[in-house]
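Everything on this sheet refers to the single structure shown next.
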Amino acid sequence: MISIEVDRVEKTYSTVQAVQALSFKVEAGTIFALLGPNGAGKSSLIRMLVGLTMADAGEIRIFENGERIGKIPETSFAYLPEDRGLYPDKTVTDNLTYIGKLRGLSQTQISEQLAIWLPRFDLMDKVKDNLSKLSKGNQQKVQLISCLIHRPQLLILDEPFSGLDPINQEHVLSILNELKQSGTTIILSAHQMALVERLADGMLLLNKGQQVALGSLSEVIAQLSPEKYYQLNFAQAIAGDAIAACAAVKTVEITSSTQFIVQMHEGASVNQLLQQVMALGELLDFGRIQANLHELYLTAVQAHNAQHPLQGLSNKGDLT
């Protein structure tokens with residue numbers, strides 16, 4: 001099983017610092033997401049992870065079953081780049097057979113893997129078609145199979161859901177979870193925040209090559225939205241002033257005579273808030289209001305842009 005430690009890694013192209021002193025860990029057998037807008041530094045970071053480029057500063061440490069190794073063996077990882085690399089004038093079978101041989105598989109092994117993956121991606125009726133004749137979604141499925149055919153220990157995917165409809169996005173999500181359960185370490189860059197919320201064990205939000213947030217989903221949410229808001233629904237009308245007078249309440253938004261949104265003081269506990277508001281009347285419903293990752297992502301990037309207006313990155317592909 002593969003794990004990775006990134007220690008204060010930096011990368012500069014000409015006068016643009018694409019990656020700035022980034023540090024994080026990817027535990028073995030987990031899914032780690034790289035998030036950020038175009039130009040954030042995600043692809044630059046991925047290319048250093050797979051050895052296509054070298055870091056200008058810092059260190060990337062690779063471990064296999066807890067033992068440090070110099071680099072990831074080519075047969076132990078797969079990389080799905082943003083710019084796809086299969087042959088449009090060759091059939092699905094020819095493309096995948098060629099990739100399998102590059103990965104060191106025998107023809108028998110290739111046939112066994114194709115018998116598994118082609119039906120799973122609903123491509124059996126496309127095996128003799130040239131790649132250029134396939135829809136964008138089916139081309140993406142072939143690209144994904146090319147990464148899975150040799151059962152890698154480390155899977156690095158740049159926009160794996162690109163071109164896929166919602167049904168196939170769900171299908172790929174299920175497959176990635178299966179791979180994680182089998183011990184595969186997965187690093188992915190994606191813009192589909194709702195899928196990332198369900199998929200990732202850890203995540204790094206980047207903007208302009210800098211860390212904006214890092215950790216599990218709950219940790220990232222806490223970093224990006226430390227304020228705690230709760231919705232209160234009472235059985236009878238309650239005066240807004242009475243809610244505001246509660247020691248645990250910082251602010252109150254009145255949505256109706258029986259419904260309120262309150263912001264809790266940082267030093268208060270949920271139990272304190274509950275005890276105080278329940279003393280005012282019969283509480284029918286109580287729950288925390290939590291922004292989703294998509295909303296937090298947009299707000300965090302906008303705030304970071306405002307704080308660092310002169311540090312924009314190019315939108316060129318080699319700086320993403």
Using side chain to side chain contact (heavy atoms under 4.5 Å, CB included), reason through Glu219 and Leu217 one step at a time and then give a plain yes or no.
CA-CA 5 Å; Glu219 289 169 339; Leu217 175 61; over 6 Å; no
CA sep, side-chain torsions, deciding dist, call: Gln192, Val196, side chain to side chain contact (heavy atoms under 4.5 Å, CB included):
CA-CA 6 Å; Gln192 295 83 1; Val196 171; 5.6 Å; no
Taking the six-membered ring for Trp and the full ring for Phe, Tyr or His, determine whether the centres of His191 and Phe161 are under 6.0 Å apart.
no
Please answer: with hydrophobic residues joined when any side-chain heavy atoms are less than 4.5 Å apart, are Met278 and Ile238 in the same cluster?
yes
Tightest non-hydrogen contact, residues Ala21 and Arg8, listed as CB-NH2, 3.7 Å
Give the ring-plane orientation class for Tyr87 versus Tyr98, where under 30° counts as parallel, over 60° as perpendicular and anything between as tilted.
perpendicular
Can you tell me how far apart CG (Leu22) and CG (Asp7) are? Round to the nearest 0.5 Å.
11.0 Å
Would a single hydrophobic cluster contain both Ile149 and Met124, if residues Ile, Leu, Val, Met, Phe, Trp and Tyr are joined by side-chain heavy-atom contacts under 4.5 Å?
yes
Please check: side-chain N/O of Thr30 versus main-chain N/O of Glu27, any donor-acceptor pairing under 3.5 Å?
yes
Smallest separation among heavy atoms of Pro37 and Tyr297, with atom names
N-OH, 3.1 Å
For Ser216 and Ser218, does a side-chain donor sit closer than 3.5 Å to a side-chain acceptor?
yes
Between Phe63 and Leu49, is there shared hydrophobic-cluster membership here, with clusters defined by ILVMFWY side-chain heavy atoms closer than 4.5 Å?
no
Passes side chain to side chain contact (heavy atoms under 4.5 Å, CB included), Leu214 versus Leu204? Steps please.
CA-CA 5 Å; Leu214 172 67; Leu204 169 64; 4.0 Å; yes
Could you check whether any side-chain N or O of Ser76 sits under 3.5 Å from a backbone N or O of Pro152, counting only pairs where one atom can act as donor and the other as acceptor?
no
Side chain Thr299, main chain Leu296, donor-acceptor under 3.5 Å:
no
Please tell me whether Ile221 and Ile261 are part of a single hydrophobic cluster in this structure, the criterion being side-chain heavy atoms less than 4.5 Å apart.
no
Side chains of Asn168 and Phe121 in contact at under 4.5 Å (non-hydrogen atoms):
no
With no hydrogens and no angle check, is any side-chain donor or acceptor of Ser146 less than 3.5 Å from a backbone partner on Gln143?
yes
Nearest 0.5 Å, please: how far is NZ in Lys250 from CG in Leu273?
14.0 Å
Could you tell me whether a side-chain N or O of Ser111 sits under 3.5 Å from a main-chain N or O of Gln107, the two making a donor and an acceptor?
yes
When you compare the side chain of Leu232 with that of Val262, does any pair of heavy atoms fall below 4.5 Å?
yes
Flag if over 12 foreign heavy atoms under 6.0 Å of CG, Asp56
yes
So Leu176 and Leu157, do their side chains get closer than 4.5 Å, heavy atoms only?
yes
How about Leu144 and Trp117: do any of their side-chain heavy atoms sit closer than 4.5 Å?
no
Could you walk me through whether Arg198 and Glu170 pass the salt bridge (charged side-chain N to carboxylate O under 4.0 Å, His left out) test, one step at a time?
CA-CA 11 Å; Arg198 296 166 53 195; Glu170 288 288 334; 2.6 Å; yes
For Ser3, does its backbone N or O pair with a side-chain atom of Arg61 as donor and acceptor, under 3.5 Å?
no
Taking atom CD as the centre, does Glu266 end up with more than 12 heavy-atom neighbours from other residues, nucleotides or ligands that are less than 6.0 angstrom away?
no
Residues Leu206 and Ala40: closest non-hydrogen pair is O-CB, 3.6 Å
If we only count heavy atoms from C-beta on, is the Ile145 to Leu123 side-chain gap below 4.5 Å?
yes
If we only count heavy atoms from C-beta on, is the His171 to Leu164 side-chain gap below 4.5 Å?
no
Between atom CD1 of Ile187 and atom CG of Leu45, what is the distance when rounded to the nearest 0.5 Å?
8.0 Å
Any Ile243 side-chain heavy atom under 4.5 Å of Ile254 side chain:
no
Strictly distance-based, threshold 3.5 Å: is any side-chain N or O of Gln153 a donor or acceptor partner for the main-chain N or O of Met1?
yes
Derivation of the side chain to side chain contact (heavy atoms under 4.5 Å, CB included) call for Val6 and Ser23:
CA-CA 5 Å; Val6 176; Ser23 298; 5.7 Å; no
Gln236, CD atom: more than 12 neighbouring heavy atoms under 6.0 Å
yes
Should the pair Phe234 and Phe260 be assigned to parallel (<30°), tilted (30 to 60°) or perpendicular (>60°) ring geometry?
perpendicular
What salt bridge (charged side-chain N to carboxylate O under 4.0 Å, His left out) pairs are there with at least one residue in residues 276-302, not counting sequence neighbours?
none
With a 4.5 Å cut-off on side-chain heavy atoms, are Thr255 and Glu253 touching?
yes
Can you name the closest pair of heavy atoms from Leu293 and Glu197 and give their distance?
CB-CG, 3.4 Å
Check for me, please, whether Leu274 and Ile289 land in the same ILVMFWY cluster - side-chain distances under 4.5 Å, paths through other members count.
no
To the nearest 0.5 Å, tell me how far Leu188 CG sits from Leu155 CG.
8.5 Å
Are the side chain of Lys90 and the backbone N or O of Leu96 linked by a donor-acceptor pair below 3.5 Å?
no
Any donor-acceptor pair under 3.5 Å from Thr93 side chain to Val127 backbone
yes
Would you say the side-chain atoms of Gln17 pair up with the backbone N or O of Gly209, donor to acceptor, closer than 3.5 Å?
no
